[in-house]
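The sequence lines fix the lettering, A, B, ..., with proteins before strands; numbering per chain opens at 1. Nothing here was measured: the structure is a model prediction, and the numbers come from that model.
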Number of protein chains: 2
Amino acid sequence: MRVLSGQLGGRRRPTIEDVAARAGVSRQTVSRAVNAKGEIHPETRARVLAAIEELGYRPNRLAQGMVTRRTRTVALVAGDIRNPFFGEVAHGAATELGAHDHKLLVMDTYEDAERELAALTELSHDVDGIIAFLYHSELADLEAVATTVPSLVVLNRDVPLPGARVLTIDLVAGGRLVAHHLIARGHRHLAVVVNATQAPGTGRRVSGFLAAAAEAGIEDVVQLPALPSMPGGREVGAELVGAHPEVTGVFAYNDLVAAGLIGAVRRAGLGVPDDLAVVGCDDIALASAWDPPLTTVRIDAEHVGAVAAQHALELLGVGQPAPSGDVFGVELVVRASS
Amino acid sequence: MRVLSGQLGGRRRPTIEDVAARAGVSRQTVSRAVNAKGEIHPETRARVLAAIEELGYRPNRLAQGMVTRRTRTVALVAGDIRNPFFGEVAHGAATELGAHDHKLLVMDTYEDAERELAALTELSHDVDGIIAFLYHSELADLEAVATTVPSLVVLNRDVPLPGARVLTIDLVAGGRLVAHHLIARGHRHLAVVVNATQAPGTGRRVSGFLAAAAEAGIEDVVQLPALPSMPGGREVGAELVGAHPEVTGVFAYNDLVAAGLIGAVRRAGLGVPDDLAVVGCDDIALASAWDPPLTTVRIDAEHVGAVAAQHALELLGVGQPAPSGDVFGVELVVRASS
DNA sequence: ATGAAAGCGCTAACAG
DNA sequence: CTGTTAGCGCTTTCAT
C-alpha cells in the first residue's frame with residue numbers, strides 16, 4: 001500500500017460507483033444525473049443528487065477526459081507572464097473560461113523559437129485548446145499543432161490555418177499612428193526598437209511604423225534591437241543616447257521597453273519628452289502612473305484574452321459563438337512622454 | 001474487439017499499443033523504455049525508442065494520470081493575475097515546474113472568500129498541487145483541501161496544516177520597516193491602506209505597521225479600506241485628501257494602490273512626497289519607473305514562486321528538496337516617493 | 001427510464 | 001529481462 005506524501009487523512013475519494021450504490025442505481029444513471037444527459041426520472045435524479053451531496057462526490061476529470069477526450073483546460077502561450085500585458089490577457093481569458101467551467105494553463109516562451117515550438121507540441125496533447133502569441137513557428141509546425149489540438153487560437157501571426165482561429169491585433173495601424181504622431185510633432189529623426197528575437201524590420205508594429213515614416217519621406221529610421229523587457233529598454237536607451245544623438249523621437253516596441261528606455265535616457269542627463277519623445281505600446285494599466293505618463297498604443301488586453309477564449313470555446317462546441325470579426329482595433333493614447 | 005478509426009479520415013494518435021506492435025514487444029516493455037523504469041535490455045530499448053520516433057508517439061497524460069493519480073499540474077491560486085506581483089510569482093513557479101515537466105494553472109480569487117474556497121475545492125481534485133495566497137479560508141476548509149490535494153503550499157496565512165507547507169513572507173517586518181522609515185522622516189500623522197476584503201486592522205503588513213507606530217507613540221493611525229488595486233488606490237487617495245488633510249505619510253498596502261493613490265493625490269493638487277509621503281509594497285519591476293520612483297517594501301516575487309514550486313514538487317516526491325526555512329525576508333527600498 | 005457490457009490508454013503487480 | 005493480468009473512473013453503445 002502506497003503512502004502519499006503530503007496527504008493527511010486516509011479516506012478514499014468517492015467514485016461514481018459509490019454514489020450508485022448509495023442511491024441504489026447503476027453508474028450510468030448517476031452519470032445521467034450528473035451530466036443532465038438522457039432521460040431520467042425526476043425522483044431518481046433527486047435520489048442520486050442527494051447521494052452525491054452526502055458523499056461529497058466530484059467526478060474524476062481524468063476518467064471523464066479519458067472517454068470524452070476533453071480536459072476542460074485551455075493554455076495561454078505567451079512571451080513572458082511577467083509582462084503585465086500578458087497578465088491582463090490571462091485574466092480576461094481565465095475569467096471567460098471559468099464561466100464555462102474550463103481552466104487556464106500558462107506557459108512562457110521568452111519569444112524563443114525552440115521554446116515556442118516545444119510548448120505548442122507538448123501542450124497540444126494535453127489541453128483542449130491553445131491560445132498563443134506566436135512569433136517563430138513555421139507554418140508546417142503550426143499545422144501539425146492545429147491538427148493535434150482540438151482548438152487553436154493564434155494571435156499576432158497572419159497565417160492560413162484552416163480549422164484554427166487567427167486573430168489579429170491591428171498593430172500595423174498602431175505603428176502607423178505612432179509615426180504620424182511623432183512626425184506631426186515635428187520629429188524628423190526617428191528610431192524604433194525592434195524585437196531582438198525577431199528578424200530585423202519584421203513585426204507588425206515595426207513595419208507599420210516604418211511604412212508610415214517612409215510615406216512621410218523619412219527613410220533612415222534607426223532600428224535598435226532589444227529584448228522586449230525593461231532591461232532590454234535600458235540597454236537600448238543607453239545605446240540611443242550614445243550612438244544616435246540626432247534622434248528625437250522613438251517608438252519603444254512596448255511599454256516595458258519604454259520604461260527601461262526612459263530610465264536610461266534620463267540617467268544620461270536627457271529629458272523626456274524635451275530631448276527625446278518616447279512612445280510605448282500596450283497601454284498596460286500602470287503606464288499612466290509613470291514619469292512622465294506614457295504615450296502609448298492602447299490594446300484592450302483583457303478583451304483580447306476574453307474573446308480569444310470565446311473562440312477557443314466555440315471551437316470546442318462550448319458556450320456562445322464568439323463575436324465575428326478577427327481584428328482587434330487599437331488607438332493612440334497621447335500622454336506626456338511625447 | 002477494437003474499433004479501428006484510422007482507415008478513412010484523420011490519423012489516430014498512436015498509442016502505446018501501436019508502439020509495442022511496431023517494436024514487436026509488449027506494452028509493458030514500451031512503458032519501461034519510456035519511463036526508464038525497471039530493467040530493460042539496451043537493444044530492446046533502442047528498438048522501442050526507434051518505434052516511438054517513427055510513430056511520433058507521445059504518452060497520453062490522462063491515461064497515465066488515471067493510474068499514477070498524478071496530472072503533472074500545479075495550480076497557483078492568487079488574488080488577481082493582472083497584478084504584476086502575481087505575474088512575477090507565476091513566472092518563477094512556472095519556470096521551476098517546467099524544469100520538472102510540470103505545468104502551471106492559474107486561478108484568480110479577487111481575494112473573495114467564496115471564490116477562494118471554490119477555487120481550492122475545485123482544483124483540489126484536478127491538480128497535483130496548489131500554491132495559494134490565501135486570505136479568507138477557514139482552517140477546517142483548508143484541512144479538507146490539504147487532505148484532498150497531494151501537495152499544498154500556503155503563502156501568507158500562518159495556519160497549522162500538517163502535511164502542507166506554510167510559507168511566510170515577512171510582511172510584519174515589512175510593515176514595521178515602513179513605519180520606522182516614515183517616523184524617522186518626521187511624519188507624525190500616518191495613514192495605512194487596509195485591504196477592504198479583509199477584517200479591519202488585519203493583515204501582516206498592516207499589523208506590523210500599526211505595532212511599530214504604536215511603539216513610537218503614534219496610536220491614531222488612520223485606516224483606509226480599499227480594494228488592493230489601482231482603482232482602489234485612486235478612491236482612497238481622494239478620500240485621504242478630503243477627509244484627512246493632517247496625514248503626511250501613508251503606507252499604501254501595495255504598489256498598485258500606491259500608484260492609484262499618488263495619481264489621485266496629485267490630481268487634488270498635492271505633491272508627493274512633499275505634501276504626502278507614499279510607501280508601497282511588493283516592489284514590482286515597474287515601481288522604479290514611476291513618478292516619483294516608489295519607496296516600497298521589496299519582495300523577491302520570482303524567488304517566492306520558485307521556492308513555493310520547489311516545496312510543491314518536494315511534497316510530490318519530485319526534484320530536489322526545497323531550501324529549508326519557511327520565511328521570505330523583505331527589505332525597504334527607499335526611493336523618491338517618501 | 002434504466003442497466004449491462006465494453007472499453008479510453010496506461011502502469012503496477014506478478015509471473016515466467 | 002519481458003509478458004500477462006488487472007484494473008484506474010468514467011461514458012458510450014446497446015439492450016431491456
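With rounding to whole Å, B:Arg70 atom CZ is found 15 Å from C:dA12 atom C1'. Going from atom CD of B:Glu39 over to atom P of C:dA15 covers 19 Å, rounded to whole Å. For the pair B:Arg12 CZ and C:dG7 P, the computed distance is 14 Å after rounding to whole Å. Between the P atom of C:dG9 and the CZ atom of B:Arg72 lies a distance of 20 Å, rounded to the nearest Å. In this structure, A:Leu62 atom CG and C:dT11 atom P are separated by 13 Å, rounded to whole Å.
Bounding nucleotides for the chain A contact on DNA chain D, 5' to 3', at a heavy-atom distance below 4.0 Å, are D:dG9 to D:dT12.
Within 6.0 Å of CD on A:Glu138 lie no more than 12 heavy atoms contributed by other residues, nucleotides or ligands.
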Let me see the working for B:Phe86 and B:Asp108 under side chain to side chain contact (heavy atoms under 4.5 Å, CB included), right down to the final yes or no.
CA-CA 10 Å; B:Phe86 292 126; B:Asp108 292 348; over 6 Å; no
Verdict with supporting geometry, B:Val154 and B:Leu134, side chain to side chain contact (heavy atoms under 4.5 Å, CB included)
CA-CA 7 Å; B:Val154 174; B:Leu134 259 20; 3.9 Å; yes
Under the side chain to side chain contact (heavy atoms under 4.5 Å, CB included) criterion, do B:Leu123 and B:Val77 qualify, and how do the steps go?
CA-CA 9 Å; B:Leu123 288 169; B:Val77 175; 3.5 Å; yes
Take B:Val106 and B:Leu104 through the side chain to side chain contact (heavy atoms under 4.5 Å, CB included) test and state the conclusion after the steps.
CA-CA 7 Å; B:Val106 296; B:Leu104 183 74; 4.2 Å; yes
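One finds a side-chain N or O of B:Asn35 lying less than 4.0 angstrom from the OP1 or OP2 phosphate oxygen of C:dT11.
Checked against the 6.0 Å centroid criterion, the rings of B:Tyr110 and A:His91 qualify as a close aromatic pair.
Side chains of A:Thr71 and A:Asp128: a donor on one and an acceptor on the other come within 3.5 Å. For the residue pair B:Thr197/B:Glu111, the side-chain donor-acceptor check at 3.5 Å is satisfied.
Remark: A:Gln64 pairs with A:Arg61 by the side chain to side chain donor-acceptor pair (under 3.5 Å) rule, at least two apart or across chains. Under the rule for a ring pair (Phe, Tyr, Trp, His ring centres under 6.0 Å), B:His136 has no partner lying at least two apart in sequence or in another chain.
Interface residues of residues 18-31 of chain A facing DNA chain C, ordered by number: A:Val25, A:Ser26, A:Arg27, A:Gln28, A:Thr29; criterion, heavy-atom separation under 4.0 Å. In the region residues 41-54 of chain B, proximity to DNA chain C at under 4.0 angstrom, judged on heavy atoms, holds for none of the residues.
Applying the salt bridge (charged side-chain N to carboxylate O under 4.0 Å, His left out) rule to pairs touching residues 315-327 of chain B yields nothing, sequence neighbours excluded.
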